[in-house]
Structures are given as structure tokens and as C-alpha cells.
Amino acid sequence: MYYMNSIVFDERIDVKETLFSGQSFLWTIIDDDSSYYASVIDYVVIILRQVSDIEVEVITSDCFINGRVINDFIYNYFSVEIDIKSSLIDCFEYRYADIWSMLQVYFSIRVLRQEPYETLITFMCAQGIGMHLIRKQVSMITQAYGEKQSITLSGKEIILHSFPTSERLSSVDPLVLSACTNNNRIRASNIVLAAQAVADGKIDLQALANPAIPLAELRNTLCQNRGIGYKIADCIALFGLGRFDAFPIDTHVKQYLATWFNSTTALRPLTPARYLLLDAEARTFLNPELAGYAGHILFHCWRKEVKKLRSF
DNA sequence: CTCCAGGTGGCGA
DNA sequence: TCGCCACATGGA
């Protein structure tokens with residue numbers, strides 16, 4: 001028994017660019033020609049299909065996701081209430097006219113509100129390697145330790161896996177897990193430690209989701225865990241805790257800060273001190289409240305337009 | 001072959 | 001605090 005819904009948004013949303021812009025590593029392309037994309041969220045199989053610029057078809061194995069009815073969940077998941085253009089400062093259009101015109105296409109990308117723990121683990125897989133390898137690691141982790149789920153779409157069975165619980169990952173031998181983390185034992189060990197911390201409450205993600213917590217404090221708390229530095233902490237905040245003010249700075253962001261925004265700091269090696277400097281610099285031409293939202297749009301635009309990269 | 005990819009942590013100066 | 005290096009793999 002499956003549930004089908006059709007959701008019409010007020011503004012144009014590009015589902016594929018959103019799901020595969022590198023903020024989520026848990027979606028797979030079922031049928032690119034028909035624009036079908038699938039994932040498992042809270043043990044619910046969910047399939048999205050882009051019907052038109054503003055319409056999305058949703059097929060799920062349950063009518064509730066995370067205790068919400070499907071439509072409510074999707075609206076929240078795609079953060080449709082956010083006015084993307086307000087993530088840039090008012091004079092951006094005039095001060096950075098070339099970038100502004102290049103960005104137009106990318107305003108159809110939304111920043112997702114994803115499950116915090118899954119975001120934490122998946123971004124711990126994203127260190128100094130390409131997007132392709134990150135997806136491979138996450139996919140292997142779900143297949144090895146997640147629960148098998150399936151759904152039949154037009155006569156074809158689609159096999160998916162839920163993301164393994166923190167309890168499940170806690171009990172995995174790091175050496176065995178390293179088969180799923182590029183053979184990187186340090187990363188595997190850090191992931192197990194993080195899963196254990198989540199499982200026994202040392203990392204309280206529900207508490208960290210409190211928007212009243214200052215960004216710097218949130219970042220420092222997350223950084224107390226091995227394998228999480230400023231960048232990963234900001235990614236967890238932005239994509240997993242709905243903190244759209246968090247501005248992760250990676251190799252690509254560093255590059256566009258230097259090239260597009262003439263940052264001399266961004267020309268030098270990225271140290272923790274320079275990370276904080278760049279963070280402050282970015283907030284002079286981005287809306288501080290939505291700096292990370294803007295950062296993700298700029299990030300994806302830079303990767304595609306300048307670097308000619310793919311995210312999957 | 002070299003360089004780079006959504007980085008982090010340990011080390012010596 | 002900064003620069004350098006190991007960690008690991010794969011694509012350009």
C-alpha cells in the first residue's frame with residue numbers, strides 16, 4: 001500500500017539540483033529520464049518526481065514521516081518558507097552584478113532540513129575526498145548496517161536501506177567499518193565514537209537543535225568530538241540542525257571567496273584562525289542570519305559553472 | 001605521473 | 001599560531 005501526493009510550491013524548486021548538490025548523501029537516482037529520486041526517511045520509503053517547475057509528485061510507504069503528514073514534512077524538508085534572495089545583502093545585485101546573474105538559475109535550490117544524527121555521520125565521511133567517494137561510503141554504510149526496505153514502482157522493485165541507528169553503529173568494530181570508509185581506520189573509529197556519543201546522550205542533538213544556542217557555542221560543542229572540525233560542525237549545523245546562519249568553509253568556498261569576493265585571506269592555507277576570519281568576511285556581503293543558505297547556493301554555482309563538477 | 005577532492009589532528013618551530 | 005604531513009582512494 002503506497003501513498004501518492006502532489007505538492008505544488010509557490011516558487012520554482014529544482015528537486016534534482018537540491019537533492020544532489022552535495023548537502024544530502026542519502027538520495028539515489030532511480031530513473032533520471034523520468035526524474036524519480038528515492039530515499040528512506042524515518043523508515044519511510046520516499047520517492048520524489050519533478051512534475052513541473054513548481055510541482056512535485058511524492059510516493060511514500062507511509063502517510064506520516066517523522067510524525068508529520070507528508071505535505072507538512074516536505075514543506076519543512078525543503079525549507080520553502082525561506083526567501084532565498086534575502087540570504088544575500090540588499091546591494092548584492094548591484095555590487096556583484098556578474099555573480100548575481102549567474103546565480104539566477106541556482107535560486108531554485110533549497111537547503112534541506114535533514115535528520116541531525118544522519119547528517120553528523122554522513123558529513124564525517126566528507127573529508128578531503130571527492131563527492132563520488134563520499135556517496136560511495138554512505139551507500140556502503142547503509143547497505144551494510146541499515147535495514148532493507150523496498151517499494152515497487154511501475155512493476156519494478158526498488159531496494160533501499162534505512163540509515164543505521166546510532167545504537168547499531170555503536171557496536172560495529174571500527175576495523176570492520178573501515179571497509180565502508182575508504183579503508184580509512186581513523187575515520188571509521190571516529191564514526192563509531194560519534195555514534196556511541198549520540199547513543200548514550202553525550203551528544204544531545206535535540207538539545208543542540210535549540211535555535212537560541214549561539215553559533216560559536218554550537219560549533220565548539222560539536223568540535224569536541226574527534227573527526228569534527230569547524231567545517232564539519234558547520235555542515236551539521238546548516239544541513240542537520242536547520243541553522244541557516246552556519247557557513248561551512250571548504251576548498252570550494254575558499255576558492256570562490258578568493259576569486260569572486262577578492263578575499264586575500266582565502267588565498268592562504270586554511271587554518272582555524274583564518275576559518276573564523278573568512279566566516280566574518282562572508283557575513284559582510286551575506287545576510288548573517290542566512291549566510292549558510294547563501295553559501296550553499298554560491299557553492300553549487302561555483303562547482304558547476306566554474307569547476308564543471310558533478311555531485312554524484 | 002601529478003594534482004585535487006565539501007578536512008582533521010599531530011608535530012616541531 | 002603557522003606550516004607541513006599522514007590519512008586513503010579515485011578521477012582528471
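It should be emphasised that the depicted structure is a prediction, and the values quoted were computed from it without experimental measurement. By convention in this document, chain letters (A, B, ...) are assigned in the order of the sequence lines, proteins followed by strands, and residues within each chain are numbered from 1. No hydrogens, no waters, no symmetry mates; every other heavy atom, side chains included, goes into these values.
Applying the 4.0 Å criterion to OP1 and OP2 of B:dG6, one finds that A:H252 has a side-chain N or O inside that range. Distances shorter than 4.0 Å separate none of the side-chain N or O atoms of A:K136 from OP1 or OP2 on C:dT9. At B:dA5, one or more side-chain N or O atoms of A:T251 fall inside 4.0 Å of OP1 or OP2 (strictly under the cut-off). Contact annotation: A:K307 does not reach the phosphate of C:dA12 (side-chain N/O to OP1 or OP2, under 4.0 Å). In terms of phosphate contacts, A:R226 brings a side-chain nitrogen or oxygen within less than 4.0 Å of OP1 or OP2 of B:dG10. Contact annotation: A:R303 does not reach the phosphate of B:dA5 (side-chain N/O to OP1 or OP2, under 4.0 Å). Under 4.0 angstrom from either OP1 or OP2 of C:dC7 there lies no side-chain N or O belonging to A:R187. At C:dT9, none of the side-chain N or O atoms of A:N182 fall inside 4.0 Å of OP1 or OP2 (strictly under the cut-off). When the side-chain nitrogen and oxygen atoms of A:T271 are compared with OP1 and OP2 of C:dC2, one or more of them lie within a distance under 4.0 Å. The side chain of A:N184 contributes no N or O atom lying less than 4.0 Å from OP1 or OP2 of C:dT9.
Atoms CE (A:M140) and P (C:dT9) sit 11 Å apart, rounded to a whole Å. Atom pair A:W302:CH2 and B:dA5:P shows a separation of 10 Å (rounding to whole Å applied). With rounding to whole Å, A:F20 atom CZ is found 16 Å from B:dG6 atom P. A:M124 places its CE atom 10 Å from the P atom of B:dT8, with the value rounded to the nearest Å. If you measure from atom CD of A:Q127 to atom C1' of C:dA6, you get 13 Å, rounded to the nearest angstrom.
If you check every strand for non-hydrogen atoms under 4.0 Å, A:G229 touches sugar and phosphate atoms only. Within the 4.0 angstrom heavy-atom criterion, no nucleotide atom of any strand lies near A:K254. Note on A:H300: nothing from the nucleic acid sits closer than 4.0 angstrom, heavy atoms only. Residue A:L270 is out of contact with every strand shown, counting any heavy-atom pair closer than 4.0 Å. Note on A:I186: only backbone sugar-phosphate atoms sit closer than 4.0 angstrom, heavy atoms only; bases stay farther off. Among the heavy atoms of the strands, none lies under 4.0 Å from A:Y275. Using a 4.0 Å heavy-atom distance criterion, A:I249 is classed as making no nucleic acid contact. Residue A:Q255 is classed as a sugar-phosphate contact, given heavy-atom separations below 4.0 Å to backbone atoms only. Residue A:P248 is in base contact, counting any heavy-atom pair closer than 4.0 Å across all strands shown. Within 4.0 Å (heavy atoms only), A:R274 reaches sugar-phosphate atoms of the nucleic acid but no base atom. A:R310 comes within 4.0 angstrom of nothing in the nucleic acid, heavy atoms only.
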Kindly indicate, with the supporting measurements, whether the criterion side chain to side chain contact (heavy atoms under 4.5 Å, CB included) is fulfilled by A:I121 and A:S166. CA-CA 9 Å; A:I121 301 295; A:S166 56; over 6 Å; no

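Here A:F299 lies parallel enough and close enough to stack on the base of B:dG6, with planes under 30° and ring centres under 5.5 Å apart.
In this structure, A:L133 is a member of the same hydrophobic cluster as A:M124, with clusters built from ILVMFWY side-chain heavy atoms closer than 4.5 Å.
Results of the side chain to side chain donor-acceptor pair (under 3.5 Å) test with A:S21 over A:H300, A:K304, A:H296 single out A:H296 as the only residue that passes.
You'll find that the side chain of A:I129 is closest to C:dT9, out of C:dT9, B:dG6, B:dG10. Closest contact between the side chain of A:R185 and the listed nucleotides B:dT8, C:dA8, B:dG6 involves C:dA8.
Between A:L133 and A:Y230, the one whose closest nucleotide on DNA chain B sits nearer the 5' end is A:L133.
Taking OG1 from A:T181 and CD from A:Q137, the interatomic distance works out to 6.0 Å, rounded to the nearest 0.5 Å.
We find that A:D32 and A:K16 are joined by a salt bridge, their nearest charged nitrogen and carboxylate oxygen being less than 4.0 Å apart.
Judged by a 6.0 Å distance limit and a 45° cone about the ring axis, A:R12 is not positioned over the six-membered ring of A:F107.
To the nearest whole angstrom, the two C1' atoms, one in B:dA5 and one in C:dC2, are 24 Å apart.
A donor-acceptor pair is defined here as one N or O able to donate and one able to accept, closer than 3.5 Å; such a pair exists between the side chain of A:S24 and the backbone of A:L26.
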